[in-house]
Amino acid sequence: MGESNFGALRTAPNRPVAPDFTAQVFTRIGLDRYVTAASAIGEVFVAWRSGGVSALRIAGDAMTFESWYGERFGRRVVPAREEDPISAAARAKLGGDEVEVPIDLGECSPFERRVLEKAAEITRCNARPYGWVARELGVPDATRAVGNALGRNPVPLLIPCHRVIRTDFTVGGYVFGSETKRTLLEAEGLDFAAIERVTRGGFRYVGDDDDGTFCLPTCGTVATRVGSPGFVALRSVDEAHAHGLRPCSTCRPIAA
DNA sequence: TGGGTGACGACGC
DNA sequence: AGCGTCGCCACCC
């Protein structure tokens, strides 16, 4: 069908066809493209279109990636011939720069979008429970749905869904496997051995007598110091209040 | 329309 | 402590 349209155009009278006609049409239509880029978990494929990065997967067989992409998004993706501002931004971010990367969430449902946008707020060296995301979104019973939405994150790493973990502070699932998730979080500065030492026995919060706040043990403000002197392990919010502690405004350990 | 599925969580042994 | 069960919600047929 598309072929015959091209044929009709090609034979239009008095109108020479530019050699790169096909490329021009694809550019105008916005054909999706991809490159490989280095990341914390090795080489990845990064695909994008006019609106921003549309997909990220671990690099491997190009055919497999292209057919996965077509299956998932219903569009064709081809290797890029040159860098683009969007791929350049993604490359920089994957390399560790704190830059904004436009993301195309076009195929996501409104709920999935909200979940991914919330996950995008979680900064390095931090982790939050699935239930925390649900609560922040105003649907505290939708924790399971939050997990499903994160599981469909089209752009892992760029939207750091690996920073959402289980309420018991075990890492939980991940597209690239739980081990990879744990490795990523450790590389960002979370010390799971220390976290496990604290949470063993049902401790859920960490109080800091110095600044008078209590946090999730995976809050970046305490993550590198969990278990050191000056911190008290707490089993409940009541215990925190008994110590005269107020909730940390960064990790917001309880509902506002 | 309705039943099945899943990166969860609380509870009971 | 670890496992099964069951409720929950959004999504997909």
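Note that this is a predicted model, so its numbers are computed, not measured. Residue numbering restarts at 1 for every chain, and letters A, B, ... go by the order of the sequence lines.
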Subject >> A:Leu56 and its side-chain contact (heavy atoms from CB on, under 4.5 Å) partner, picked from A:Leu157, A:Ile103, A:Ile159 >> reply: A:Leu157
Original post:
Sub-3.5 Å donor-acceptor pair from the side chain of A:Lys118 to the main-chain atoms of A:Ala134, do we have one?
Top reply: no
Subject >> Dot-bracket notation for DNA chain B, counting Watson-Crick and G-U pairs under 3.5 Å, with | for partners on another strand >> reply: .|||||.||||||
Subject >> Nucleotide interval of DNA chain C bounded by contacts with chain A (heavy-atom cut-off, under 4.0 Å) >> reply: C:dG7 to C:dC11
Subject >> Minimum heavy-atom distance between A:Ser54 and A:Phe73, given as atom pair plus value >> reply: O-CZ, 3.6 Å
Original post:
In a check of salt bridge (Lys or Arg N to Asp or Glu O under 4.0 Å) between A:Asp32 and each of A:Arg76, A:Arg49, A:Arg72, which one passes?
Top reply: A:Arg49
Original post:
How would you label the contact of A:Val175 with the nucleic acid (heavy atoms, under 4.0 Å): base, sugar-phosphate, or nothing?
Top reply: base
**OP:** Please report the closest heavy-atom contact between A:Leu234 and A:Gly207, naming both atoms and the distance.
**Re:** CD1-N, 3.8 Å
**OP:** Could you tell me whether the side chains of A:Ser87 and A:Asp84 share a donor-acceptor contact shorter than 3.5 Å?
**Re:** no
Subject >> All ring-ring contact (aromatic ring centres under 6.0 Å, His included) counterparts of A:Tyr174, not counting sequence neighbours >> reply: A:Phe176
**OP:** Among residues two or more places apart or on two chains, list those pairs meeting salt bridge (charged side-chain N to carboxylate O under 4.0 Å, His left out) that have a residue in residues 194-210 of chain A.
**Re:** A:Arg182-A:Glu196
**OP:** Compare all side-chain heavy atoms of A:Thr218 with those of A:Leu185 and state whether any distance is below 4.5 angstrom.
**Re:** no
Original post:
Where do A:Ser50 and A:Ile86 come nearest, in terms of heavy atoms and distance?
Top reply: O-CD1, 3.7 Å
Determine all donor-acceptor pairs shorter than 3.5 Å in which one atom belongs to a side chain in residues 247-256 of chain A; sequence neighbours excluded.
| unit_1 | atom_1 | unit_2 | atom_2 | d |
| --- | --- | --- | --- | --- |
| A:Arg252 | NE | A:Glu136 | OE1 | 3.4 |
| A:Arg252 | NE | A:Glu136 | OE2 | 2.8 |
| A:Arg252 | NH2 | A:Glu136 | OE1 | 3.0 |

Original post:
For atom CD of A:Glu71, is the number of surrounding heavy atoms from other residues, nucleotides or ligands below 6.0 Å larger than 12?
Top reply: no
Original post:
Do A:Asp211 and A:Thr213 have side-chain atoms, one donor and one acceptor, less than 3.5 Å apart?
Top reply: yes
Original post:
Among residues 192-200 of chain A, which contact DNA chain B at a heavy-atom distance under 4.0 Å?
Top reply: none
Original post:
Looking at DNA chain B, which of residues 161-168 of chain A put a heavy atom within less than 4.0 Å of it?
Top reply: A:Cys161, A:Arg166, A:Thr167
**OP:** Classify the nucleic acid contact of A:Ala145 as base, sugar-phosphate or nothing, counting any heavy atom under 4.0 Å across all strands shown.
**Re:** base
Original post:
Which nucleotide of DNA chain B is the first, and which the last, in the 5' to 3' direction, to come under 4.0 Å of a heavy atom belonging to chain A?
Top reply: B:dG6 to B:dG9
Original post:
Which residues pass the side chain to side chain contact (heavy atoms under 4.5 Å, CB included) test with A:Thr36, sequence neighbours left out?
Top reply: A:Glu43, A:Phe45
Original post:
Is the closest basic N to carboxylate O distance between A:Arg128 and A:Glu121 below 4.0 Å?
Top reply: no
**OP:** State which residues pass salt bridge (Lys or Arg N to Asp or Glu O under 4.0 Å) with A:Lys93; sequence neighbours excluded, sorted by chain then number.
**Re:** none
Subject >> Under the side chain to side chain contact (heavy atoms under 4.5 Å, CB included) test, residues paired with A:Glu66 that sit two or more places apart >> reply: A:Tyr34, A:Ala62, A:Met63, A:Val77, A:Pro79
Original post:
Between A:Val44 and A:Val175, is there a shared hydrophobic cluster once you connect ILVMFWY residues whose side-chain heavy atoms come closer than 4.5 Å?
Top reply: yes
Original post:
NA contact type, A:Asn148, heavy-atom cut-off 4.0 Å: base, sugar-phosphate, or nothing?
Top reply: base
**OP:** Could you pick out which residue, A:Arg152 or A:Ala142, lies toward the 5' side of DNA chain C when each is mapped onto its nearest nucleotide?
**Re:** A:Ala142
Original post:
Quick one, which residues of residues 130-138 of chain A touch DNA chain C with a heavy atom under 4.0 Å?
Top reply: none
